[in-house]
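Heavy atoms only: backbone and side chains are in, while hydrogens, waters and symmetry mates are out. We're numbering straight along the sequence, starting at 1.
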Amino acid sequence: MWIILGIGTLISTIINIYFGINKHVYTKWATAFALSFISLTVLSQYFMVKNWVELEDWSALLDVVPIMTTALTIFTVIFLTVNIFALWNASKK
């Protein structure tokens, strides 16, 4: 599920950049969708880890959590920065 949401984040961010550069009227909507996809992607990763804890799959947690923490942090910072930049660029008139 998180892969689908990650792809949705990428697509909505590209649309947001396009709308921001062209100062399109729907830039704020594109930003809202992109930020929503970012949140849903991070939440789906959190729920995956929660399920592993409930199943007591400690080896999966030890393998994935340290890497995914770094990856999700980088993912979130990059996409938030790009979306905020696109929104800021569109709001300049």
Side-chain angles (χ1 to χ4, degrees):
M1 185 66 168
W2 64 270
I3 294 173
I4 295 169
L5 292 170
I7 292 169
T9 301
L10 180 63
I11 292 169
S12 61
T13 299
I14 291 169
I15 291 170
N16 188 22
I17 292 169
Y18 175 76
F19 282 176
I21 290 171
N22 293 326
K23 298 186 184 343
H24 199 273
V25 73
Y26 294 118
T27 302
K28 291 181 182 178
W29 282 102
T31 303
F33 280 115
L35 296 177
S36 297
F37 274 115
I38 292 169
S39 301
L40 292 172
T41 303
V42 172
L43 276 175
S44 69
Q45 285 290 320
Y46 179 79
F47 283 121
M48 182 181 70
V49 170
K50 180 186 80 82
N51 289 335
W52 287 343
V53 169
E54 289 174 353
L55 294 172
E56 297 180 5
D57 191 357
W58 307 121
S59 62
L61 288 169
L62 289 172
D63 289 341
V64 173
V65 170
I67 296 168
M68 287 308 292
T69 302
T70 305
L72 284 173
T73 302
I74 293 168
F75 169 83
T76 304
V77 168
I78 288 172
F79 280 103
L80 283 175
T81 304
V82 168
N83 284 304
I84 290 170
F85 175 73
L87 185 62
W88 176 73
N89 191 27
S91 67
K92 290 190 327 182
K93 292 186 179 184

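In the hydrophobic clustering, where aliphatic and aromatic side chains (Ile, Leu, Val, Met, Phe, Trp, Tyr) are joined below 4.5 Å either directly or transitively, Leu62 stands alone. Phe85 forms part of a hydrophobic cluster together with Trp88, judged by ILVMFWY side-chain heavy-atom separations under 4.5 Å.
Sorted by first and then second residue, the pairs that involve residues 52-67 and meet side chain to side chain donor-acceptor pair (under 3.5 Å), not counting sequence neighbours, are Lys50-Glu54, Asp57-Ser59. Sorted by first and then second residue, the pairs that involve residues 10-35 and meet ring pair (Phe, Tyr, Trp, His ring centres under 6.0 Å), not counting sequence neighbours, are Phe19-His24, His24-Tyr26. Applying the salt bridge (charged side-chain N to carboxylate O under 4.0 Å, His left out) definition to pairs two or more places apart or across chains, none involves residues 5-15.
Scanning for side-chain hydrogen bond (donor to acceptor under 3.5 Å, both in side chains) contacts around Ser12 gives an empty result, with sequence neighbours left out. By the side chain to side chain contact (heavy atoms under 4.5 Å, CB included) test, Ser36 is found to be paired with no residue, residues two or more places apart in sequence or in another chain being considered.
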Open item on the list: Applying side chain to side chain contact (heavy atoms under 4.5 Å, CB included) to Leu80 and Ile38, what does each step give before you reach the verdict?
Closed with: CA-CA 8 Å; Leu80 283 175; Ile38 292 169; 4.1 Å; yes

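A continuous path of ILVMFWY side-chain contacts below 4.5 Å connects Leu35 to Phe75, so both sit in one hydrophobic cluster. A single hydrophobic cluster is not seen to contain both Ile21 and Val25; linkage of ILVMFWY side chains at heavy-atom distances under 4.5 Å, directly or through other members, places them apart. Note on Val49: it does not cluster hydrophobically with Leu43, by side-chain heavy-atom contacts below 4.5 Å among ILVMFWY residues.
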Scan the side chains in residues 1-11 for donor-acceptor partners under 3.5 Å anywhere in the protein, sequence neighbours excluded, and list what turns up.
unit_1: Thr9; atom_1: OG1; unit_2: Leu5; atom_2: O; d: 2.9
unit_1: Thr9; atom_1: OG1; unit_2: Phe37; atom_2: O; d: 3.3
unit_1: Thr9; atom_1: OG1; unit_2: Thr41; atom_2: OG1; d: 3.4

Listing, residues 67-74 side-chain donor-acceptor contacts under 3.5 Å, not counting sequence neighbours, or none:
unit_1: Thr69; atom_1: OG1; unit_2: Val65; atom_2: O; d: 2.7
unit_1: Thr70; atom_1: OG1; unit_2: Pro66; atom_2: O; d: 3.4
unit_1: Thr73; atom_1: OG1; unit_2: Thr69; atom_2: O; d: 2.7

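If you check the side chains of Asn83 and Thr31, you find no donor sitting under 3.5 Å from an acceptor.
Closest non-hydrogen pair, Ala34 versus Thr13, comes out as CB-OG1, 3.9 Å.
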